[in-house]
Amino acid sequence: MSNQTPPYAIELEGISKRFGAVQANKDISLQVPTGTIHGIIGENGAGKSTLMSIIYGFYEADTGSISIDGEKVDIRNSQDAIKVGIGMVHQHFMLVENFSVLENIVLGAEGGAVLKHGLDAAREELKRLESEYHLDVDVDAIVEDLPVGLQQRVEILKALYRGAKILILDEPTGVLTPQEADHLFRILKSLKEQGVTVILITHKLREILASTDNVSVMRQGEMVAHRETATTDKEELAELMVGKKVRLKVNKDDATPQQTVLSAKDLSLFDEQGVERLKKVSLELKAGEILGIAGVSGNGQSELLNVLSGIATMSSGSIEFAGQTITPNAPKDAAQMRELKMAHVPEDRHKMGLVTGFEAYEAAVLGYHNSEAYNGRWLMSRKAMFKECEQRMADWDVRPPNPLLKTANFSGGNQQKIVIAREVEQNPDVLLIGQPTRGVDIGAIENIHEQIVKLRDAGKAILLVSVELDEIMALSDRIIVMFDGAVVGEVPASEADERTLGLMMANAWNEGQGANP
Amino acid sequence: MFETLILILDATLRVSTPLILAALAGLFSERSGIVDIGLEGKMLAGAFAAAAAAAVFGSAWLGLLFAIAASVFLALIHGFACITHRGDHIVSGVAINTIVAGLTVTLGLDWFNQGGQTPALTGDARFTPIIFPFAEQLADVPVIGLIYSELLSGHNILVYLAFAMVPTTYWVVFKTRFGLRLRAVGENPHAVDTAGISVALVRYRALIICGVLCGIAGAYLSTAHNAGFLKDMSAGKGYMALAALIFGKWRPVPVLFACLLFGFLDAVAVRLQGVSLPGIGEVPVQAIEVLPYVLTVLLLAGFIGKAVGPKAIGKPYVKERA
Amino acid sequence: MSQAKVPVWVSVGLIPLLNILLAFFVSGLVFVAIGQDPFEAAGYLLYGAFGYDEGIGYTLYYATNLIFTGLAVSIAFKAGLFNIGGEGQAYIGGLGVGLLCLWLDSSMPLIIIAPLAIIGGAVFGAAWAYIPAYLQARRGSHIVITTIMFNFIASSLMVYLMVNWLKEEGMMSPISRTFQESAWLPYLHDIFTPLGLDIGDSPLNLAFILALLGCVIYWALVWHTRWGYQLRTVGTNPTAARYAGIDNAKVTIWVMLISGAFAGLVGVNEIMGVNHNLLLNFTAGYGFAGIAVALMGRNHPIGIILAAILFGALYQGGAELAFEIPSITPEIVVVIQGLVILFSGALENMFKGRIEGYFLRKAAA
Amino acid sequence: ADIKPAVVYDQAGKFDKSFNEGVYNGITKYTEDTGIQVRESEPKNEAQVEQNLRRLAKRGYTPIVAVGFNMASAVSKVAQDFPEIQFSIIDGVIDQPNVQSIVFKEHEGSFLVGALAAMASKTDTVGFVGGMDIPLIRKFGCGYEQGAKYITSDATVIQNMTGSTGAAFNDPTKGSELAKSQFSQGADVVFAAAGGTGIGVYQAAKDEGKLAIGVDSNQNHIQPGTMLTSMVKRVDLAAYKVFADANAGEWTSGLTVLGLAEGGVDWALDDNNASLITEEMKTKIADVKQHIISGDIQVHDYMSDNTCNY
Ligand SMILES: Nc1ncnc2c1ncn2[C@@H]1O[C@H](COP(=O)(O)OP(=O)(O)OP(=O)(O)O)[C@@H](O)[C@H]1O
Ligand SMILES: Nc1ncnc2c1ncn2[C@@H]1O[C@H](COP(=O)(O)OP(=O)(O)OP(=O)(O)O)[C@@H](O)[C@H]1O
Ligand SMILES: [Mg+2]
Ligand SMILES: [Mg+2]
């Protein structure tokens with residue numbers, strides 16, 4: 001670079017961090033010019049979050065130094081980071097769910113031993129921030145009642161309220177609609193204009209290219225490349241990340257849908273609090289097609305998957321499947337649905353799809369543990385489970401191919417492979433698959449998408465739920481959009497574009513048509 | 001009839017005082033995410049320390065101080081195990097209860113040579129009733145007089161303190177910065193940590209308050225309600241306090257009512273004993289004795305349903321997995 | 001990502017050993033504080049627990065109870081349930097054993113009574129666990145609280161039954177008549193002596209073998225049956241369990257029944273094996289100690305056996321100590337137990353992090 | 001040669017302020033008088049009772065005094081295995097050739113203090129707080145009731161038991177609540193036969209300016225001024241006598257019943273309660289005592305038929 005010292009908002013030198021045996025960050029250096037948006041990309045487990053957590057004082061680095069505005073600082077805890085003007089929006093939100101927005105924002109910056117004054121002052125200050133950055137949110141709402149997009153705004157407000165000059169966002173768009181994401185980027189842009197420095201972590205190369213000034217790539221704990229955004233492209237970044245060439249498009253022929261294998265009629269579901277989560281949802285699923293369900297998360301997709309897979313019993317409505325009629329009075333549980341050859345890859349592999357404390361071979365039979373294949377007369381056959389697991393690991397390229405490794409110790413992508421392999425290898429007629437690539441890196445995504453298309457071509461019926469519009473559009477043959485528990489529209493894949501779908505997802509299709517977003 | 005009721009309520013206040021103190025102690029601890037089945041042990045240690053110090057120095061107040069010190073010390077051990085070393089909260093509680101059960105008797109025997117008891121306390125070594133002004137004179141005024149002179153007046157200071165602690169706790173937990181952090185740390189310690197607040201520090205503080213309150217509860221047992229320490233004198237009150245805490249859904253006022261209910265049942269049981277009911281004859285003691293427990297189970301099953309505690313309760317806060 | 005491992009001898013040998021040594025060290029301080037020689041005391045303790053046949057017999061006899069309650073706590077724990085009610089379940093289990101013995105002892109031979117009484121103890125224990133289990137599974141009542149309450153209720157129920165129905169006529173204390181010998185579980189020394197083996201005269205009886213059998217059953221059940229698979233799934237991830245079509249409520253109820261059954265078997269050892277009559281308070285805190293045994297045994301049958309023997313040794317060694325030095329109150333043994341629970345249970349991580357870190361670094365280097 | 005005596009206390013321990021402590025006092029006195037050491041043992045559970053008895057027997061201790069009814073079955077077993085050792089059990093009855101059973105006529109002593117209570121009562125209502133609800137304790141209550149009614153035939157006797165487990169002997173809080181409840185029902189004298197629980201009863205009496213009656217050993221000193229008297233049960237004498245007899249070679253097996261006549265039970269008068277006992281009461285009690293000894297007054301023993309019908 002040039003001779004004069006550029007005004008770096010933040011500069012890292014030789015940061016290393018290890019967790020037990022895992023070297024999460026290895027001798028990392030990074031320079032972020034003031035008032036820029038700096039992207040960081042990398043595969044799962046590359047160490048991005050760890051690095052950010054170090055900057056934010058959540059972890060202490062083993063070695064290395066951090067400078068802010070050219071001055072070395074000693075960040076031992078988040079308190080220190082806040083003091084030097086660093087704010088962070090974490091990958092998993094750091095909000096107290098049953099607190100109000102206001103309470104969350106003042107937490108740690110209460111401004112006095114008695115809350116009242118602090119809360120009142122904060123209310124005023126927030127009004128200013130909100131209008132300045134278009135960050136509207138009801139400060140008295142309880143956080144768990146807010147949609148994720150708003151929760152994220154609370155996180156940003158939290159940082160700004162503490163006077164953050166450097167804002168770190170760790171995978172902020174994973175849970176947003178395209179419109180919400182757009183809104184976020186507009187906010188980031190206006191922050192940038194005010195001189196705030198933004199560090200953005202994301203898996204979506206499109207976002208990197210659209211909104212960052214510079215981008216750094218991490219691989220296996222190391223910083224492997226820095227690029228000016230304007231000088232690079234998707235292909236290069238993808239290759240840098242994975243270390244090999246990546247195909248970014250799904251190859252797929254047109255579908256040849258056959259007979260209907262599953263039809264759901266007027267499915268409704270009320271939760272424990274009596275809130276209607278599903279509202280008269282009807283759909284038909286044909287063999288040999290991929291039906292995509294688009295929607296912002298939390299609009300009934302999870303409930304739909306739960307009802308279809310037998311995890312939850314509908315409050316009213318019926319499902320025709322495999323010659324059976326399933327109604328509230330004649331329900332079938334998840335085990336029975338599996339027997340009818342329905343497989344289910346759940347949205348959240350940690351919460352549902354896996355028991356992270358189990359070893360891989362045990363997790364690989366979850367849901368099929370009663371099957372004769374794995375059971376003797378009294379005892380389960382370890383040998384049978386083991387053999388099959390080894391075979392699948394080889395077929396699906398699970399790394400490391402060790403059936404005895406605890407599920408928790410596989411990387412996200414490999415965990416997902418274990419789950420998908422388990423469900424697919426049972427040769428189901430219907431596959432329900434939720435968020436197949438959430439948090440999965442580019443290399444693994446490619447593989448998973450290929451498998452899904454292969455299944456379709458083998459004549460299976462596939463119901464795909466995803467909040468990634470790219471994914472929905474790349475894979476689906478038909479797209480249904482859900483909003484607030486109801487189906488708000490259906491589009492053939494050929495006619496779908498991001499804007500239309502996005503507006504439908506926000507249920508603004510009718511109002512929004514023609515208007516400039 | 002009215003008089004009997006007043007007397008029962010009067011006893012209710014006395015009996016529920018240690019429950020209230022211990023349950024509020026548990027509230028602070030559990031709101032911060034630390035399960036505390038060691039309430040029992042801390043109370044017992046407090047009772048012993050109070051009685052021992054009161055016997056030696058002749059002052060109930062010094063006794064109270066020692067009780068608090070002993071109980072806080074145990075609370076810190078609990079913190080050391082659960083917060084600093086991420087040990088299992090229940091095991092730590094069981095350990096503390098066990099150690100205290102043995103140690104009080106062992107030390108008591110060594111110090112006083114009365115089989116683990118402390119000498120009987122008299123005079124200033126005990127907390128004595130506080131008679132409200134005009135209590136005597138007003139005693140004969142119908143209804144109000146009785147309520148004033150029997151029910152309200154004539155308890156020792158720790159009883160009033162226990163009741164005063166309820167609004168105080170409410171205020172601290174819901175209206176102060178510390179309370180906000182306390183509640184936050186029990187719900188989502190990560191959020192607290194990233195807000196720049198030390199999770200451990202908040203939890204330690206909560207445990208210290210818990211220790212103080214348990215110490216007072218213990219001192220009440222041995223230097224106010226009774227006059228000396230006896231082996232195992234806490235007699236399961238710590239567990240009942242825990243039940244009351246869950247019953248009251250970790251909120252100060254409902255917890256107070258839960259404690260009062262238990263105290264009331266106890267007081268009624270004492271008076272129901274030996275009463276012959278026409279036709280049935282004498283109710284077996286065991287049936288009456290078991291009433292609070294059965295009622296707790298029934299109420300838990302029927303009325304309050306699922307008690308959802310602070311979300312992070314009982315889970316060690318792990319930042320880095322080694 | 002390489003998976004460096006801590007050597008097994010470190011995690012199951014060195015670290016627990018350090019913890020226990022620390023517990024004994026602090027116990028030693030307590031002895032010093034009350035003016036006793038800790039080494040002399042330790043000598044008696046060790047000798048009492050392991051120094052002679054009879055002592056070993058007593059140690060194992062206590063261990064028998066602790067294995068049962070340890071298994072009970074542990075299996076519930078595997079399903080994510082905290083069963084603090086082992087005490088009450090053991091109590092009622094003993095009632096079941098006692099009732100069967102009282103009923104059958106004059107009409108049946110041991111070979112019939114023994115299995116029936118074992119089943120009786122298990123069934124009664126399970127029944128006592130059923131209500132808290134049901135309430136937890138179907139009504140969401142907090143099982144820790146309900147099981148604590150059921151301990152209190154069990155003890156009142158037993159007193160009522162003993163005092164009003166089962167007390168032997170003319171007996172001062174509430175204690176039933178002594179069973180006829182056909183309802184006595186054979187002592188191990190009675191079995192071994194004819195074989196030319198003198199193992200000392202102790203209450204150790206066939207229930208010990210039953211306890212070991214229980215460990216095998218636990219092991220097979222938990223790790224090698226579908227039922228155990230479901231149980232572990234529910235215990236570690238209830239959402240995944242529902243996803244897998246496992247009925248959480250049903251598993252909760254079943255596992256508590258088994259847990260209660262294990263606890264109930266304490267009655268076989270105490271009532272049929274040792275006391276030979278029904279009496280009050282024979283559970284003597286074994287249910288609570290079972291919590292520590294289960295956790296210290298890391299919820300594994302082998303660990304549970306070892307932890308039970310450790311605690312059994314403390315009981316017996318402590319009795320020896322109090323017997324030999326009468327000026328020491330037996331409660332000091334309770335202190336030692338508490339300290340062992342504290343250092344090996346609650347503070348088990350105190351050295352762990354550092355020591356394992358050391359070995360990990362060594363392995364990684 | 002001197003005897004090699006031993007004693008095994010009940011699980012309440014030798015400092016229970018009552019029964020065991022009485023035995024302990026007797027032993028201390030015996031050692032002071034003779035210089036003969038008595039081997040003591042305090043088992044903590046059922047199994048240890050037998051273990052310790054067996055061990056003492058093995059080591060040749062004799063006589064061995066077992067304190068309390070709880071030990072009956074253990075003593076019976078061990079005595080069978082060690083026929084040459086002399087066993088004495090207090091409060092229990094075992095019919096074996098090498099066992100001496102010592103029991104007391106608690107009902108007689110209770111009758112006396114019941115009579116005293118009725119005489120001291122201004123409300124004609126007296127109370128009884130028992131420990132654990134077992135026949136032995138009901139025996140105290142029944143005698144007490146008779147005594148009170150003997151003096152005031154329409155006296156009200158309120159009876160409460162503290163609980164139903166061993167813990168009931170060690171719950172002063174409950175004792176105090178029970179006493180307060182009885183006071184509120186009009187009682188002004190309360191007799192506690194409840195071990196450590198009694199401490200709470202005596203305290204409550206002190207706090208409310210009422211009278212209490214102690215039990216087992218002379219407990220008048222615990223709350224001087226409000227302890228009307230104590231129903232003493234001379235286990236100390238019994239223990240002392242066992243050793244003295246054994247040393248003199250006069251120990252015999254069989255049943256020893258100690259009542260008023262034998263000085264085994266009595267009421268206590270000392271400086272602590274002298275001011276509460278009038279001459280009139282003294283004479284009357286002496287008279288009643290005479291009548292009981294002579295058999296003119298038949299005091300019903302609850303345990304004879306498990307009822308209190310007299
Ligand atoms: N607290 C922790 N304790 C132990 N290991 C950790 C911890 N946090 C992260 N790791 C490990 O460090 C490595 C880097 O993790 P990190 O979360 O930084 O990756 P990432 O790049 O953010 O991945 P992703 O894209 O999946 O979010 C991983 O191998 C991870 O398992
Ligand atoms: N208004 C604020 N803005 C930012 N940080 C604050 C603010 N008020 C307090 N803090 C920080 O929070 C931390 C805790 O504050 P402080 O030491 O005043 O409270 P405390 O005494 O620890 O808590 P308490 O008195 O409520 O128990 C301090 O490090 C302080 O820097
Ligand atoms: Mg990350
Ligand atoms: Mg402050």
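Side chains are part of it too, since the values below use all heavy atoms of this structure and drop only hydrogens, waters and symmetry mates. In what follows, every chain begins at residue 1, and chains take the letters A, B, ... in the order their sequences are listed.
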Between [atom1] of [X] and [atom2] of [Y], what distance do you get to the nearest 0.5 Å?
X	Y	atom1	atom2	answer
C:Thr329	B:Leu107	OG1	CG	10.5 Å
C:Leu347	B:Cys82	CG	SG	8.5 Å
C:Thr146	B:Tyr293	OG1	OH	15.0 Å
C:Ile145	B:Ile246	CD1	CD1	3.0 Å
B:Thr104	C:Glu331	OG1	CD	8.0 Å

Region of [X] in contact with chain B, defined by heavy-atom distances below 4.5 Å:
X	answer
C:Ala289	neither
C:Leu295	side chain
C:Ile34	both
C:Tyr134	neither
C:Ile153	both
C:Phe150	side chain

Counting only heavy atoms not in [X], do more than 12 fall under 6.0 Å of its [atom1]?
X	atom1	result
B:Phe257	CZ	no
C:Arg354	CZ	no
C:Phe82	CZ	yes

Chain C contacts, top residue of B:Val294, B:Leu242, B:Ile90, B:Val94 (heavy-atom pairs, under 4.5 Å):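 Max contact count across the listed options: B:Ile90.
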Max heavy-atom pair count under 4.5 Å with chain C, selected residue of B:Ala81, B:Gly41, B:Gly93: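 Counting heavy-atom pairs under 4.5 Å, the top option is B:Ala81.
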Among C:Ile336, C:Ile341, C:Leu339, C:Val30, which residue meets the side-chain contact (heavy atoms from CB on, under 4.5 Å) test with B:Ile99? C:Leu339
Quick one: does any side-chain atom of C:Asn349 pair with a main-chain N or O of B:His85 as donor and acceptor, under 3.5 Å? yes
Is any side-chain heavy atom of B:Thr98 less than 4.5 Å from a side-chain heavy atom of C:Phe288? no
In the structure I gave you, are the side-chain heavy atoms of B:Met240 and C:Met149 within less than 4.5 Å of one another anywhere? yes
Closest non-hydrogen atom pair between B:Asp88 and C:Phe77, with its separation: OD2-CZ, 4.5 Å
Between B:Ala301 and C:Leu135, the two heavy atoms sitting closest are CB-CD2, 3.4 Å
Quick check on the interface: out of C:Asn164, C:Val334, C:Val340, who has the most heavy-atom pairs with chain B under 4.5 Å? C:Val334
Check each atom of B:Leu109 against the heavy atoms of chain C and say whether the ones under 4.5 Å are side chain, backbone, both or neither.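 Side chain of B:Leu109 only, per the 4.5 Å heavy-atom cut-off to chain C.
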